Amino acid sequence: MAARGRCPGCGSAALVEDAHYAQQQLVCAACGCVLAEGLLTTTYTEEEHLREVAYSQSTGQKEQLSRSLQRGIRRVQDLCKVLQLPKVFEETAVSYFQRAVQHPSFHLVSLEKKELLGGCCVFVTCRQHNWPVTMGTICSLLYAKQELFASVYLSLQKELELSVPALSLAELVKTHLNSFRLFQRAADVPAQFVEDKEKVVARTMQVVELASETWLVTGRHPVPIVTAAAFLSWQSLQPGARLACSLGRFCKLAGVDLPPPAHLRLKELLEILLRMASQLAWLRVFKLDKKTVVKHMGDLLQHRIFLLKNAFSLQDGEEEGAAAPGEGSPDSPPAAGGAAQEKGCPSGGKRQREGGPRPLLPPCLINPRKRLRTAAPSPSDSAVTGDEPISDSEIEQYLRGPEEIQAISKAKAWP
């Protein structure tokens, strides 16, 4: 195709456009001089009008970013489909992911963190819509470490200024028990172990509330507590056939992992139940232990508030506070456990007053792992008797009244 103009080298007017390697070039047919090179591609907006633009403004410059963005969006959408989330959740998670990718804080992060960014957006969306899903569930689907996922989640929440409400224990109980296989008959589950889902969830909620009221939840991971509470609730519904079942076998039949601290949470819950059972008149005739007390969980949970007030010395009200060891009136002598607690051994008072009510305190204060040790006195401190003379430079620190100040001034002025 001929074009107007002349070649600056030979002056010939035989200029043609040649599509060399799909790139338009203006070439002189006489001497072969390349007068101008064409443009590679166009932008999305210019493609409709067939206008050529510079490569820095073309789609080729942003092609790699577009591919990574599309790959991340598909990952978010697939994760929402696996979790069976509503369509509005998927749209919100995708919008969060697009905002996060464009934010400068996530441009230079590692590839592993970028892959977790989509999961964090889905997790934030579920929390904002009060959809019960845990961080461990997302991490198991993404094969990610919870520590790394938590760091990306906190960065996303901070940089995008997102408001994320905390997941309540009630929603967590429902979510965790939904994965149990004991609510439907299976070949590997004995018939006496199958239980109605609604009954187990309702009683587990009551046990978790009891654990929350007795400081067993504060500062601890909730999943071991929910697992132990579900095990006790499941046993109490049919204790005759299920008391011989252990916590490990229960988790194996339910198809869930056994958290390591669940045995400790189970032990603490049974101690609370035994102390509450000692306050019921019709249970005092039985010699209850940690296995037989499960049979009476229905009565214990029904009268939970009354039994807690009688079994423990609560610090909330004036009446309970007066009965607490070390909290009596100024005229009354301190309790036997008060001296032990003042010495840094809270469990000493419990051992001395096992029959009476003890304060309702967190387990870390009742049974501390590390005892506070008093420092051994140094040789210089042990040599001090109190009869040492006071130097003139320290005498002013012991003056209290104007008469003493005047007397010492006269003494200093005496020749």
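The model shown is predicted, which means the values in this text are computed figures rather than measured ones. Positions are given from 1 along the sequence.
- For the atom pair CE (Met205) and NZ (Lys174), the distance works out to 6.0 Å, reported to the nearest 0.5 Å.
- Side chain of Thr137 to backbone of Val133: no donor-acceptor contact under 3.5 angstrom is found.
- The CZ atom of Phe231 lies 8.5 Å from the SG atom of Cys251; values are rounded to the nearest 0.5 Å.
- The closest side-chain heavy-atom distance from Pro165 to Asn130 is not below 4.5 Å.
- For the pair His103 (side chain) and Ser105 (backbone), a donor-acceptor distance under 3.5 Å is present.
- Arg284 places a side-chain N or O within donor-acceptor distance of the main-chain N or O of Ser278, the cut-off being under 3.5 Å.
- With hydrogens and angles disregarded, no donor-acceptor distance shorter than 3.5 Å links the side chain of His176 to the backbone of Leu172.
- Within the 3.5 Å criterion, the main-chain N or O of Ala311 finds a donor-acceptor partner in the side chain of Arg275.
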| said: Does Lys158 form a side-chain contact (heavy atoms from CB on, under 4.5 Å) with Ser155? I'd like the steps, not just the answer. | reply: CA-CA 5 Å; Lys158 177 182 177 182; Ser155 300; 5.8 Å; no
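- In this structure, Thr218 contributes its side chain and Trp215 its backbone to no donor-acceptor pair below 3.5 Å.
- Taking both residues in full, the closest heavy atoms of Ala229 and Leu269 are given as N-CD1, 4.2 Å, listed atom of the first, atom of the second, then distance.
- Taking both residues in full, the closest heavy atoms of Val94 and Gln77 are given as CG2-CG, 4.2 Å, listed atom of the first, atom of the second, then distance.
- No side-chain heavy atom of Gln206 sits under 4.5 Å from any side-chain heavy atom of Met297.
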| query | Is there a salt bridge (Lys or Arg N to Asp or Glu O under 4.0 Å) between Arg99 and Glu161 once you walk through the steps? | reply | CA-CA 11 Å; Arg99 287 176 55 189; Glu161 298 181 354; over 6 Å; no
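- Taking 4.5 Å as the limit, some side-chain heavy atom of Val293 sits within range of a side-chain heavy atom of Leu300.
- Using a distance-only test at 3.5 Å, with no hydrogens or angles considered, a donor-acceptor pair links the side chain of Lys114 to the main chain of His107.
- Under a 4.0 Å N-O distance rule, the pair Glu115/Arg71 does not qualify as a salt bridge.
- A 4.5 Å side-chain heavy-atom check between Leu232 and Leu270 finds at least one atom pair inside the cut-off.
- The closest donor-acceptor contact from the side chain of Arg74 to the backbone of Leu69 lies at 3.5 Å or more, if one exists at all.
- Thr204 and Ala230 make their closest contact through OG1-CA, 3.5 Å (heavy atoms, listed as atom of the first residue, atom of the second, distance).
- Looking only at side-chain heavy atoms (C-beta outward), Glu209 and Arg304 come within less than 4.5 Å of each other.
- Using cut-offs of 30° and 60° on the angle between ring planes, the pair Phe123 and Phe149 is perpendicular.
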| query | Arg242 and Glu195: side-chain contact (heavy atoms from CB on, under 4.5 Å), yes or no, with the steps? | reply | CA-CA 11 Å; Arg242 300 173 181 174; Glu195 190 53 70; 2.9 Å; yes
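- Between the side chains of Tyr153 and Gln146, no donor-acceptor pair of N or O atoms lies under 3.5 Å.
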| request: Please report the C-alpha distance between Leu83 and Trp131 in whole Å, then the side-chain angles of each, then the deciding distance to 0.1 Å, and finally whether the side-chain contact (heavy atoms from CB on, under 4.5 Å) criterion is met. | output: CA-CA 11 Å; Leu83 295 174; Trp131 189 271; 5.7 Å; no
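- Environment of NZ in Lys410: sparse, with no more than 12 heavy atoms of neighbouring residues, nucleotides or ligands closer than 6.0 Å.
- Interatomic distance, CG of Leu274 versus CG of Leu283, reported as 10.5 Å (0.5 Å rounding).
- Put simply, the side chain of Tyr96 reaches to within 4.5 Å of the side chain of Leu162, judged on heavy atoms.
- With hydrogens and angles disregarded, no donor-acceptor distance shorter than 3.5 Å links the side chain of Ser212 to the backbone of Val208.
- The one candidate from Phe250, Phe180, Phe183 that meets the ring pair (Phe, Tyr, Trp, His ring centres under 6.0 Å) condition with Trp234 is Phe250.
- To the nearest 0.5 Å, atoms CD (Glu198) and CG (Asp196) are separated by 6.5 Å.
- Within 6.0 Å of CD on Glu159 lie more than 12 heavy atoms contributed by other residues, nucleotides or ligands.
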| message | Would Ser246 and Arg249 count as a side-chain contact (heavy atoms from CB on, under 4.5 Å) here? Give the steps. | response | CA-CA 5 Å; Ser246 63; Arg249 187 187 179 192; 3.6 Å; yes
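- The two atoms that bring Arg181 and Leu253 nearest to each other are NH2-O, 3.3 Å, heavy atoms only.
- No side-chain heavy atom of Arg265 sits less than 4.5 Å from a side-chain heavy atom of Leu216.
- Heavy atoms only, all atoms of each residue included: Ala144 and Leu116 are closest at CB-CD2, 3.3 Å.
- Note that CD1 of Ile73 is 10.5 Å distant from CD of Glu90, once rounded to the nearest 0.5 Å.
- With rounding to the nearest 0.5 Å, the separation of CZ in Arg220 from CD in Glu268 is 4.0 Å.
- The minimum heavy-atom distance between Ala241 and Phe193, with the atom names listed, is O-CE2, 3.5 Å.
- Taking 4.5 Å as the limit, some side-chain heavy atom of Asn178 sits within range of a side-chain heavy atom of Lys197.
- Using modelled atom types, no side-chain atom of Thr292 and backbone atom of Leu288 make a donor-acceptor pair closer than 3.5 Å.
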